[in-house]
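Here is the structure we will look at, set down as structure tokens.
Values reported hereafter were calculated over all heavy atoms of this structure, with side chains retained and with hydrogens, waters and symmetry mates removed. Each residue takes its place number in the sequence, starting with 1.
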Amino acid sequence: MKQSPEIYHFTDDGVIPNSKLPVVIFRGVFSLDPDTGADWLEGHFAENKWTNAFRWRVYDYHHYHSNTHEVLGVYAGSALLQLGGEHGQQIKVGLGDVVVLPAGTGHKSISHSNDFAVVGAYPDGVEPDLIRLDEDRPEGVRDKVDGVSLPENDPLNGKSEGGLLSFWR
């Protein structure tokens with residue numbers, strides 16, 4: 001990593017639980033054409049046991065996953081994301097950025113370029129649940145989010161020092 005990642009903390013707002021762990025954004029991890037970039041992200045994530053990958057966008061409604069962490073690697077375009085729910089923060093992401101969302105973190109796409117696309121993946125290939133704000137907050141969701149274990153590896157750097165796990169310990 002050339003530079004230190006950006007760190008964002010979001011608290012439980014009574015609707016979205018968010019996490020005690022911070023959102024970590026690694027900027028400009030790569031600069032490859034979209035096809036090569038998507039393949040590179042999937043490969044790196046898989047090498048580090050973040051699998052069940054998808055290629056798509058970020059939903060345009062607030063949602064979160066209570067049962068798993070998620071990594072989003074931008075391989076094309078740019079977007080303005082709302083992280084942390086309605087009371088969270090709007091953050092612009094673009095080609096080469098990698099966003100790691102701890103379980104429970106609200107996220108949605110506010111706007112995006114026509115070509116915006118991400119590779120998403122989950123530690124150990126967990127199948128994520130999808131909780132939207134138009135649903136009642138599930139009973140016990142705070143405990144469920146807090147009970148999600150730390151991943152074994154950083155999605156980019158594996159077990160090496162200075163990556164995600166140094167911010168999540």
Side-chain angles (χ1 to χ4, degrees), residues 1 5 8 10 16-27 29-30 32-79 81-85 91 93-109 112 115-135 138 140-160 163-169:
M1 284 315 129
Y8 297 91
F10 302 105
I16 293 182
N18 289 304
S19 178
K20 295 173 184 168
L21 302 172
V23 170
V24 180
I25 302 178
F26 299 95
R27 298 286 185 176
V29 173
F30 67 90
L32 301 167
D33 68 82
D35 289 335
T36 306
D39 291 343
W40 186 87
L41 286 164
E42 281 184 8
H44 259 70
F45 295 164
E47 283 173 18
N48 295 307
K49 300 182 182 176
W50 288 64
T51 55
N52 191 15
F54 66 88
R55 294 183 187 192
W56 204 59
R57 294 187 173 152
V58 176
Y59 291 128
D60 62 357
Y61 53 83
H62 288 288
H63 67 285
Y64 62 93
H65 312 293
S66 69
N67 66 332
T68 187
H69 311 297
E70 181 175 33
V71 62
L72 301 171
V74 181
Y75 69 87
S78 62
L81 303 180
Q82 177 82 24
L83 302 180
I91 299 170
V93 295
L95 176 67
D97 293 343
V98 174
V99 180
V100 187
L101 302 168
T105 302
H107 52 292
K108 112 180 211 182
S109 175
H112 56 79
D115 61 342
F116 174 65
V118 300
V119 168
Y122 309 92
D124 296 319
V126 171
E127 185 65 36
D129 59 8
L130 178 68
I131 301 175
R132 298 170 58 139
L133 289 187
D134 58 1
E135 303 168 4
V141 75
R142 170 85 272 142
D143 290 336
K144 186 173 183 181
V145 166
D146 290 346
V148 173
S149 60
L150 291 177
E152 187 178 325
N153 295 312
D154 175 304
L156 292 171
N157 300 307
K159 294 181 187 283
S160 67
L164 171 72
L165 300 179
S166 65
F167 299 99
W168 278 14
R169 296 244 180 251

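A donor-acceptor pair is defined here as one N or O able to donate and one able to accept, closer than 3.5 Å; no such pair exists between the side chain of D124 and the backbone of V126. Of the possible polar contacts, one joining the D129 side chain to the S66 backbone as a donor-acceptor pair under 3.5 Å is found. Listed for the H112 side chain is no donor-acceptor partner under 3.5 Å among the backbone atoms of S78. Side chain of W50 to backbone of N153: a donor-acceptor contact under 3.5 angstrom is found. Using a distance-only test at 3.5 Å, with no hydrogens or angles considered, a donor-acceptor pair links the side chain of H69 to the main chain of S149. A donor-acceptor contact shorter than 3.5 Å is absent between the side chain of W56 and the backbone of V119.
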- Message: For a side chain to side chain contact (heavy atoms under 4.5 Å, CB included) check, start with the C-alpha distance between V23 and V99, then their side-chain angles and the critical distance, and finish with the verdict.
- Response: CA-CA 7 Å; V23 170; V99 180; 4.1 Å; yes
- Task: Evaluate the criterion side chain to side chain contact (heavy atoms under 4.5 Å, CB included) for residue pair R169 and L165; output intermediate values, then yes/no.
- Result: CA-CA 6 Å; R169 296 244 180 251; L165 300 179; 3.6 Å; yes
- Task: Would you check, one step at a time, whether the test side chain to side chain contact (heavy atoms under 4.5 Å, CB included) holds for V93 with R27?
- Result: CA-CA 8 Å; V93 295; R27 298 286 185 176; 4.1 Å; yes
- Item | Check against salt bridge (Lys or Arg N to Asp or Glu O under 4.0 Å), D39 and R55 | CA-CA 10 Å; D39 291 343; R55 294 183 187 192; 2.5 Å; yes
- Message: Go through it in stages, so that I can follow the logic: the residues are L72 and F54, the test is side chain to side chain contact (heavy atoms under 4.5 Å, CB included), and I'd like the CA-CA distance, side-chain angles, deciding distance and then a yes or no.
- Response: CA-CA 9 Å; L72 301 171; F54 66 88; 3.9 Å; yes
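Residues V24 and F167 share a closest heavy-atom pair of CG2-CB, 4.2 Å. Between S19 and A103, the closest heavy-atom pair is CB-O, 3.4 Å. R142 approaches P17 most closely through the heavy-atom pair NH1-O, 2.6 Å. The minimum heavy-atom distance between S109 and L81, with the atom names listed, is CA-CD2, 3.9 Å. A pairwise comparison of heavy atoms in F26 and L164 identifies CZ-N, 3.8 Å as the closest pair. Of all heavy-atom pairs spanning T68 and P123, the tightest one is OG1-CD, 3.5 Å.
Annotation: side chain of W168 is in contact with side chain of V100 (closest heavy-atom distance under 4.5 Å). A 4.5 Å side-chain heavy-atom check between N67 and H65 finds at least one atom pair inside the cut-off. Put simply, the side chain of L41 does not reach to within 4.5 Å of the side chain of V71, judged on heavy atoms. The shortest side-chain heavy-atom distance between I16 and L133 falls under the 4.5 Å cut-off. The shortest side-chain heavy-atom distance between N52 and P128 falls under the 4.5 Å cut-off. Contact of the Y64 side chain with the I131 side chain is registered, since non-hydrogen atoms from C-beta on lie closer than 4.5 Å. Side-chain contact between W40 and V29 is present, with at least one heavy-atom pair separated by less than 4.5 Å.
Taking CG of D97 as the start and OH of Y75 as the end, the distance is 15.0 Å to the nearest 0.5 Å. Y8 contributes atom OH, which lies 14.5 Å from atom CG of N18 (distance to the nearest 0.5 angstrom). Atom NE2 of residue H62 and atom NZ of residue K108 lie 4.0 Å apart, to the nearest 0.5 angstrom. Atoms CZ and CG, from F116 and L95 in turn, are 11.0 Å apart once rounded to the nearest 0.5 Å. One distance of note links CG of D115 with CZ of R57; it measures 8.5 Å at 0.5 Å rounding.
Side-chain contact annotation: H107 with H63, donor-acceptor N/O pair under 3.5 Å present.
Within 6.0 Å of OH in Y59 there are 12 or fewer heavy atoms belonging to other residues, nucleotides or ligands.
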